[in-house]
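To find a chain, count down the sequence lines: A is the first, B the second, and so on, and within it residues start at 1. Just so it is clear, the model here is predicted, and its values are computed rather than measured.
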Amino acid sequence: MTRTTAWWRYAILAAAALVFAFPFYFMVVGAFQQNPTNTPDEMFPREGWTLGNFTAIDSRIDLLGSLTNSLIFTAGVLLGTVTFGLLAGYALARLDFRGKSATWVLMMLVQMVPFQLLMIPLYVQITRSYGLGDTYLGMILPFLINTTAVFIFTQFFKALPKEIFEAARIDGASELRILRSVAVPMVRPALVTVVLVTFIGPWNEFLWPFLITKDTSLQPLAVSLANYISNVAQSTANPNGAILAGATALAFPVVILFLLFQRYFTASDIGAAVKG
Amino acid sequence: MADVATPPARTPSGSRAGGPDLRRRLRVLLGRHPIGTIFALPYMVFVALIFAYPLVFACYIAFHDYFFTAPGVEVERPFVGLANFIDVLTDPQVLESFRNTAVFLVINVPLTAVAALVLASALNAGIRWAAAFRVAFYVPYLTASVSLVGVWMLLFSSGGLVNSVLGPLAPDPSWLVNSALAMPSIALYVTWKQLGFYILLYLAALQNIPSELHESAATDGASALQRFRHVTIPGVRNATTLVLILAIITGANLFTEPYLLTNGGGPDGASLTPVLLIYQKGIQQQNPDTAAAMGMILVIIVGLLSLTANRLTREK
């Protein structure tokens with residue numbers, strides 16, 4: 001490889017980065033503008049800054065309430081995934097038990113079953129059979145344990161040297177104790193990766209909570225913002241600004257979380273997660 | 001798959017005190033750490049309840065005359081054979097939604113594979129600010145589609161920024177309300193939104209190509225373009241298979257974009273997608289049986305497409 005990097009690499013990357021970043025610039029600037037930019041010469045607005053768009057959308061969809069619902073939905077999924085995912089991942093990586101191969105087969109199946117096929121039966125199950133329509137539990141249940149997260153935990157636990165576990169066992173520690181005091185502290189980066197990977201799913205999810213929540217006071221922000229865009233927007237004074245304000249509120253937490261922790265989030269983790 | 005269960009290594013158990021025979025038999029029956037079953041149990045129950053059971057249930061619904069009732073009401077739901085499938089396959093709306101998906105895939109899949117590979121290769125060779133570029137490409141993938149759909153709706157509306165930049169070149173009717181452009185616009189949006197993820201997949205694959213291959217090709221006088229064609233592309237073949245299959249699955253799952261961007265699959269059904277139709281038939285029009293049959297047909301088509309993609313990109 002030559003030491004000087006060809007200029008065309010930078011040209012391609014910079015052009016692409018502009019295409020990727022511009023809609024975000026448009027979103028954030030528009031969210032704080034009385035009249036979001038519609039012509040190129042207003043691209044760098046100097047005046048007309050306002051917080052009015054946030055109050056405007058809040059008056060229609062209860063921004064804080066929806067954000068709280070998103071948070072409850074996401075927290076439930078995270079709690080389930082971390083608790084049960086750690087247990088399953090540890091068992092699959094470090095324990096030899098009856099049903100281990102069956103669990104692996106189940107995991108492959110889960111990765112392959114598409115949501116289109118499950119949508120109708122799950123809807124019938126959750127809303128009709130279990131009566132969980134319009135509840136947080138009904139929202140959380142289909143996402144309760146993230147299979148990708150179980151994979152990530154398993155891979156990280158497998159990478160630890162087995163002598164550590166043997167020593168702990170000889171010392172008489174129970175498996176739960178080993179998991180809590182030995183294994184988990186050694187896989188902190190896996191925890192961060194899992195939280196990031198798991199967080200974006202329920203936080204961004206639209207279709208499922210849209211299907212099972214009719215009660216607007218229970219809807220996560222993605223659902224209430226979608227309702228606003230498709231139904232309410234026409235009857236608002238400055239719908240564009242309000243839409244962008246809502247979009248910013250929904251996008252912000254994930255982007256911040258990612259920027260803070262992005263060094264934990266590497267290409268190889270994603271590859272490992274997807275390939276299993 | 002990288003890791004399939006390996007059978008437990010059975011060490012010859014030393015016959016010491018306390019019924020070694022029974023202990024060995026228990027080990028054969030339960031494994032060395034029976035507690036593992038308890039640890040994995042919540043996950044197994046979850047998979048059985050949320051994946052395996054609905055999967056079987058979907059088949060049941062699709063082959064029966066199934067309708068919604070109040071909970072606890074016992075009704076007859078007769079077996080109807082292939083009637084639901086025939087209903088689906090003779091429905092012009094369904095065929096239109098499949099045609100629309102074909103338009104989507106023809107634009108999205110090749111564009112995704114090419115753009116992701118080009119950008120990943122540009123990022124791969126010791127470039128400055130590589131992390132910043134990576135973040136820029138990845139952020140749309142992380143962001144909720146509902147947020148970004150709101151942004152694109154405004155950008156591509158008739159009086160929107162894109163048209164005011166294009167001036168006289170702006171299409172009329174505008175992008176999302178033009179029946180020839182609605183689906184291509186959605187395909188472009190989805191390519192843009194998902195690309196960061198595929199770039200990461202390709203980056204991981206590129207890092208596995210030994211740099212000696214590039215170096216020896218360069219010594220032999222291969223140009224950058226020739227090296228890209230003869231070293232890079234064959235080197236990431238497995239990743240390409242994965243990218244194609246995942247892009248096909250994503251395309252077949254489209255719901256949020258046509259629901260919001262084109263107001264429920266408009267104009268005039270030009271961006272109607274199968275999943276949108278499953279929602280309309282199954283939940284809005286209360287025909288879960290046709291919807292389930294449609295889900296099965298869709299999954300079979302996606303499976304066949306994925307298999308084809310796998311065949312085409314496999315090493316000869």
Side-chain angles (χ1 to χ4, degrees), chain A residues 5 9 12-13 16-17 20-21 23 26-27 38-40 84 87-88 90-91 95-101 103-104 106 110 113-114 116-122 125 128 131 142 144-145 175 200 204 206-207 222 225-226 229-230 240 243 247 250-251 254-255 258 262 267-268 270-271 275-276, chain B residues 1-2 4-5 8 30-37 39-40 42-44 46-47 50-51 54-55 57-58 61 71 119 122 125 127 133 135-137 139-140 142-144 146-147 150-151 154 159-161 164-165 200-201 203-204 249 253 255-256 260 275 278 282-283 288 291-292 295 298-299:
Chain A
T5 318
R9 285 181 193 273
I12 293 176
L13 289 173
F20 278 81
F26 177 81
M27 174 171 85
N38 265 330
T39 50
F84 301 125
L87 284 171
Y90 178 71
L95 300 174
D96 159 33
F97 60 95
R98 187 95 186 152
K100 187 168 169 167
S101 355
T103 314
W104 270 109
L106 283 174
V110 170
V113 178
Q116 312 98 303
L117 198 55
L118 300 180
M119 184 167 133
I120 294 295
L122 266 181
Q125 241 180 303
R128 313 263 157 179
L144 185 66
I145 309 176
E175 292 300 332
I200 60 172
N204 294 344
F206 168 65
L207 180 53
L225 181 60
I229 291 175
S230 57
N240 295 0
I243 288 174
L250 179 60
V254 175
V255 174
F258 175 70
Q262 70 107 5
S268 53
I270 307 298
K275 278 175 273 176
Chain B
M1 299 290 151
V4 183
L30 299 172
R32 269 190 305 159
H33 310 111
I35 194 165
T37 312
F39 282 11
Y43 179 69
M44 288 159 102
F46 167 77
V47 172
I50 298 298
F51 290 89
L55 204 62
F57 193 28
I61 297 177
L119 288 174
I127 208 145
F133 282 123
V135 170
F137 299 147
V139 163
L142 292 170
T143 308
V146 174
S147 281
V151 177
L154 303 184
L161 188 62
S164 61
V165 170
L200 279 197
L201 277 186
L203 263 178
I249 293 175
N253 262 317
F255 175 84
T256 314
L260 289 173
V275 176
I278 291 177
I283 289 156
L298 184 61
V299 166

Requested in this report: Apply ring pair (Phe, Tyr, Trp, His ring centres under 6.0 Å) to B/Tyr43 and A/Phe84, showing your working.
Outcome: CA-CA 6 Å; B/Tyr43 179 69; A/Phe84 301 125; 9.8 Å; no

Report task. For the pair A/Tyr90 and B/Phe39, name the ring-plane relationship: parallel under 30°, tilted 30 to 60°, perpendicular over 60°. Result -> tilted

**Report entry** Pairs of heavy atoms under 4.5 Å with chain B: top-ranked of A/Ala226, A/Gly99, A/Gly131, A/Ala21
**Finding:** A/Ala226

Query raised in the report: Do B/Phe57 and A/Leu122 have side-chain heavy atoms sitting under 4.5 Å apart?
Result: no

Requested in this report: Measure distances from A/Ala251 to the heavy atoms of chain B and classify the residue's part below 4.5 Å as side chain, backbone, both or neither.
Outcome: both

Requested in this report: Examine whether an atom of B/Phe46 lies under 4.5 Å from a heavy atom of chain A, and if so say whether it belongs to the side chain, the backbone or both; otherwise answer neither.
Outcome: side chain

Query - Greatest number of heavy atom pairs closer than 4.5 Å to chain A - which of B/Thr37, B/Val139, B/Ile35 - result: B/Thr37

Query raised in the report: With chain A, which of B/Ala58, B/Ala292, B/Ala291 has the greatest number of heavy-atom pairs at distances under 4.5 Å?
Result: B/Ala58

Query raised in the report: Non-hydrogen atoms of chain A under 4.5 Å away: do they reach the side chain of B/Ile61, the backbone, both or neither?
Result: side chain

Query raised in the report: Does any non-hydrogen side-chain atom of B/Asn253 lie less than 4.5 Å from one of A/Leu207?
Result: no

Query - Any A/Asn204 side-chain heavy atom under 4.5 Å of B/Thr143 side chain - result: no

Query raised in the report: Top residue by heavy-atom pair count (under 4.5 Å) with chain A, among B/Pro288, B/Gly282, B/Pro140, B/Gly295?
Result: B/Pro140

Query raised in the report: Step by step, would you call A/Ile12 with B/Leu119 a side-chain contact (heavy atoms from CB on, under 4.5 Å)?
Result: CA-CA 7 Å; A/Ile12 293 176; B/Leu119 288 174; 3.6 Å; yes

Query raised in the report: Side chain, backbone, both or neither: which part of B/Phe255 has a non-hydrogen atom closer than 4.5 Å to chain A?
Result: side chain

Requested in this report: Measure the CG-CD1 distance between B/Leu154 and A/Ile243 for me, rounded to the nearest 0.5 Å.
Outcome: 5.5 Å

Query raised in the report: Relative to chain B, which segment of A/Val110 carries a heavy atom at a distance below 4.5 Å: side chain, backbone, both, or neither?
Result: both

Query raised in the report: For the candidates A/Ala247, A/Ala222, A/Pro121, which exhibits the highest count of non-hydrogen atom pairs separated by less than 4.5 Å from chain B?
Result: A/Pro121

Query raised in the report: Do A/Leu250 and B/Val146 come within less than 4.5 Å of each other through their side chains, counting heavy atoms only?
Result: yes

Query - Under 4.5 Å from a heavy atom of chain A, the part of B/Phe133 involved - result: side chain

Report task. Indicate the atoms forming the closest heavy-atom contact of B/Phe137 with A/Ala17, along with that distance. Result -> CE2-N, 3.6 Å

Query - Pairwise side-chain contact, A/Leu118 with B/Phe51, heavy-atom cut-off 4.5 Å (strictly under) - result: yes

Requested in this report: Against chain A, label B/Leu298 side chain, backbone, both or neither, depending on which of its atoms sit under 4.5 Å from a heavy atom there.
Outcome: side chain

Query raised in the report: Is a side-chain donor or acceptor of B/His33 paired with a backbone partner of A/Asp96 at a separation under 3.5 angstrom?
Result: yes

Query - Choice from A/Met27, A/Met119, A/Gln125 maximising heavy atom contacts with chain B below 4.5 Å - result: A/Gln125

Query raised in the report: Do B/Leu55 and A/Leu117 have side-chain heavy atoms sitting under 4.5 Å apart?
Result: yes

